Amino acid sequence: CKLAINCKRYRKKAVFELKNRFERAQIGEIVSVVRDCGMLPDTVFISFSYKNMTDLRALLPTQPAQYLCYGEIDENLVAKLKDQDLDIDTRHDRLNEASVALLHENGITVNCWTVNDPARGRELVDLGVDMITTNILEGV
């Protein structure tokens with residue numbers, strides 16, 4: 001698989017977004033393709049569909065998975081994430097010191113999107129985010 005070769009060459013993780021709502025069997029088929037390419041250990045699945053994430057979790061209980069969201073980061077969201085052992089991928093402008101602390105206190109890895117401004121990237125690193133989705137930044 002070309003994806004596996006390029007990800008390994010550039011030491012990158014594959015972030016696989018389940019954009020539409022899929023049935024569990026369809027998610028299973030997608031997982032099989034990723035597994036057959038040898039990329040499952042280096043893949044993070046993301047989706048705005050919470051049901052996609054719960055179906056993925058049923059198939060792969062320990063696979064890195066991040067719920068995409070852009071709403072408020074509060075105790076309700078944290079409970080939802082913890083219930084399925086999901087991490088978060090949110091818009092970077094939703095993050096501040098308090099929200100990152102709340103997520104980390106609950107064992108949730110924090111990813112944010114899409115950060116193309118180096119100054120904002122450094123701010124997010126200083127806040128302690130774990131991952132930054134970007135189109136252009138390296139080594140912020």
Side-chain angles (χ1 to χ4, degrees):
C1 293
K2 189 181 267 189
L3 171 68
I5 293 167
N6 286 331
C7 285
K8 289 177 184 188
R9 176 184 302 148
Y10 296 108
R11 296 183 322 244
K12 303 294 182 189
K13 296 278 186 187
V15 178
F16 197 107
E17 183 175 357
L18 301 169
K19 284 194 176 266
N20 301 317
R21 171 63 187 120
F22 294 95
E23 296 301 318
R24 185 177 294 182
Q26 293 171 307
I27 294 172
E29 291 172 21
I30 292 166
V31 165
S32 292
V33 170
V34 175
R35 182 182 282 124
D36 290 349
C37 286
M39 281 302 299
L40 203 53
D42 295 310
T43 297
V44 176
F45 288 90
I46 62 175
S47 184
F48 280 105
S49 167
Y50 186 73
K51 184 68 173 139
N52 279 348
M53 294 287 87
T54 62
D55 285 345
L56 177 75
R57 187 54 71 228
L59 296 168
L60 297 170
T62 61
Q63 182 69 33
Q66 300 173 351
Y67 180 52
L68 281 164
C69 62
Y70 48 83
E72 291 299 318
I73 297 170
D74 57 20
E75 293 291 341
N76 291 331
L77 176 61
V78 168
K80 225 171 135 170
L81 296 171
K82 287 177 68 174
D83 181 60
Q84 292 295 313
D85 191 25
L86 295 171
D87 295 315
I88 191 171
D89 190 353
T90 189
R91 278 184 9 192
H92 69 90
D93 61 355
R94 302 312 258 171
L95 295 171
N96 57 44
E97 188 175 341
S99 60
V100 172
L102 174 65
L103 293 162
H104 281 163
E105 287 165 6
N106 285 279
I108 298 167
T109 298
V110 180
N111 187 6
C112 59
W113 45 271
T114 299
V115 183
N116 292 327
D117 174 46
R120 180 61 176 153
R122 283 187 291 280
E123 289 172 8
L124 291 161
V125 167
D126 291 344
L127 286 176
V129 300
D130 302 290
M131 303 167 76
I132 296 173
T133 301
T134 182
N135 294 321
I136 60 168
L137 301 178
E138 290 261 352
V140 172

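Predicted model, so just to flag it, every value in this text is computed and none were measured.
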[Y] reachable from [X] in the ILVMFWY side-chain graph, under 4.5 Å edges:
{"X": "V15", "Y": "V110", "answer": "no"}
{"X": "V33", "Y": "L18", "answer": "no"}
{"X": "F22", "Y": "Y67", "answer": "yes"}
{"X": "V78", "Y": "L95", "answer": "yes"}
{"X": "L86", "Y": "L59", "answer": "yes"}

Could you tell me whether R57 and D83 make a salt bridge, using a distance below 4.0 angstrom between a side-chain N and a carboxylate O?
-> no
Can D126 and R122 be counted as an ion pair, charged N to O under 4.0 angstrom?
->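 So D126 does not pair with R122 through a salt bridge.
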OG on S49 to CD1 on I27, rounded to 0.5 Å = 7.0 Å
Please round to the nearest 0.5 Å and tell me the distance separating atom CD1 of I46 and atom CD of E17.
-> 4.5 Å
Donor-acceptor contact present, side-chain [X] to main-chain [Y], <3.5 Å:
{"X": "R120", "Y": "H92", "answer": "yes"}
{"X": "N52", "Y": "N20", "answer": "yes"}
{"X": "N116", "Y": "T134", "answer": "no"}
{"X": "R35", "Y": "L40", "answer": "no"}
{"X": "Q63", "Y": "T43", "answer": "yes"}
{"X": "Y50", "Y": "K80", "answer": "yes"}
{"X": "N96", "Y": "A98", "answer": "yes"}
{"X": "D55", "Y": "E23", "answer": "no"}

Please give me the minimum heavy-atom distance between [X] and [Y], naming the atom from each residue.
{"X": "L103", "Y": "I88", "answer": "CD1-CG2, 3.9 Å"}
{"X": "H104", "Y": "I108", "answer": "CD2-O, 3.3 Å"}
{"X": "D87", "Y": "T109", "answer": "OD1-N, 2.8 Å"}
{"X": "N106", "Y": "L102", "answer": "ND2-O, 2.8 Å"}
{"X": "R91", "Y": "C112", "answer": "C-CB, 4.4 Å"}
{"X": "P61", "Y": "D85", "answer": "O-OD2, 4.3 Å"}

Please walk me through it: do W113 and D89 pass side-chain contact (heavy atoms from CB on, under 4.5 Å)?
-> CA-CA 7 Å; W113 45 271; D89 190 353; 2.7 Å; yes
Test side-chain hydrogen bond (donor to acceptor under 3.5 Å, both in side chains) applied to Q66 and T90, T133, N111, the passing residue =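 Only match with Q66 under side-chain hydrogen bond (donor to acceptor under 3.5 Å, both in side chains): N111.
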Taking the side chain as every heavy atom from C-beta outward, state whether F45 and V31 have any atom pair closer than 4.5 Å.
->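 They are in side-chain contact.
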Going by heavy atoms in the side chains, are I132 and V125 under 4.5 Å from each other?
->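 Yes, at least one pair of side-chain atoms sits under 4.5 Å.
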Side chain to side chain contact (heavy atoms under 4.5 Å, CB included) partner of D42, the single match among K12, R11, K13 |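 Considering K12, R11, K13, a side chain to side chain contact (heavy atoms under 4.5 Å, CB included) with D42 is found only for K13.
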